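The next block holds one structure in the form of structure tokens; read it before the comments.
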Amino acid sequence: NAGVTQTPKFQVLKTGQSMTLQCAQDMNHNSMYWYRQDPGMGLRLIYYSASEGTTDKGEVPNGYNVSRLNKREFSLRLESAAPSQTSVYFCASSQRGGAGTIQYFGAGTRLSVL
Amino acid sequence: AQSVTQLDSHVSVSEGTPVLLRCNYSSSYSPSLFWYVQHPNKGLQLLLKYTSAATLVKGINGFEAEFKKSETSFHLTKPSAHMSDAAEYFCVVNVNTGNQFYFGTGTSLTVIP
């Protein structure tokens, strides 16, 4: 019963470094999402993938890239990290989009960019 | 356009007293509405959802919410707070045709012994 698994749980980067956040789900869901959570701002959608082979920008995509590697995995890449990207990142999945869809969340990745 | 407003950023209640967390939404379409809970250093967990069926929705752990279209509200309530209810709560709206979910800014619930 793993659900949505994110790695790593914590990461510290220096400005300009790159890294990839990994996300995998074992629920055979079609849709996957990346959010960032900042104090007082709730969760904001970075990118989502409605199905394998497709990705779309969300509310705050600048500075990020994503790859839907297969149905299970959806990675988020920071090519050149900036202090403004210090945040908690959550991956989520759902069976599909649309009415009543429930999202299932991973435990988060806490990223600090110095 | 869709948006969600959580009217209180912090709510404190005594153990055993009622909980009320307020949420207003705006949506151009018939919305689906959710409440999620986030315990410290954890991911988000679904409490309950509304999808145009019964307007009073019951969720887990004794929580419930009432959809009021005339007031564009979806407030979360619980008759008696427990210490384990201390957490961050998010109201979320989703429209029928999209993969985009819009989150409120969250309400931090403190339960005083």
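Because the structure is predicted, anything quoted here is derived from the model rather than measured. Every chain is numbered from 1 and lettered A, B, ... according to where its sequence line falls, protein lines coming before strand lines.
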Will you find, in the side chains of A:Q103 and A:Y35, an N or O donor that is under 3.5 Å from an N or O acceptor?
yes
Any donor-acceptor pair under 3.5 Å linking the side-chain atoms of A:R68 with those of A:T54?
no
Give, as side chain, backbone, both or neither, the part of [X] having an atom under 4.5 angstrom from any heavy atom of chain A.
{"X": "B:L44", "value": "both"}
{"X": "B:Y50", "value": "neither"}
{"X": "B:E88", "value": "neither"}

So SG of A:C23 and CZ of A:F90: to nearest 0.5 Å the spacing works out to 12.0 Å
Side chain, backbone, both or neither: which part of A:R44 has a non-hydrogen atom closer than 4.5 Å to chain B?
neither
For each of A:V88, A:D56, A:I102, tally heavy-atom pairs with chain B at distances under 4.5 Å, and name the one with the top tally.
A:I102
Between B:F101 and A:Y48, ring centroids under 6.0 Å
no
Between B:Y89 and B:F63, ring centroids under 6.0 Å:
yes
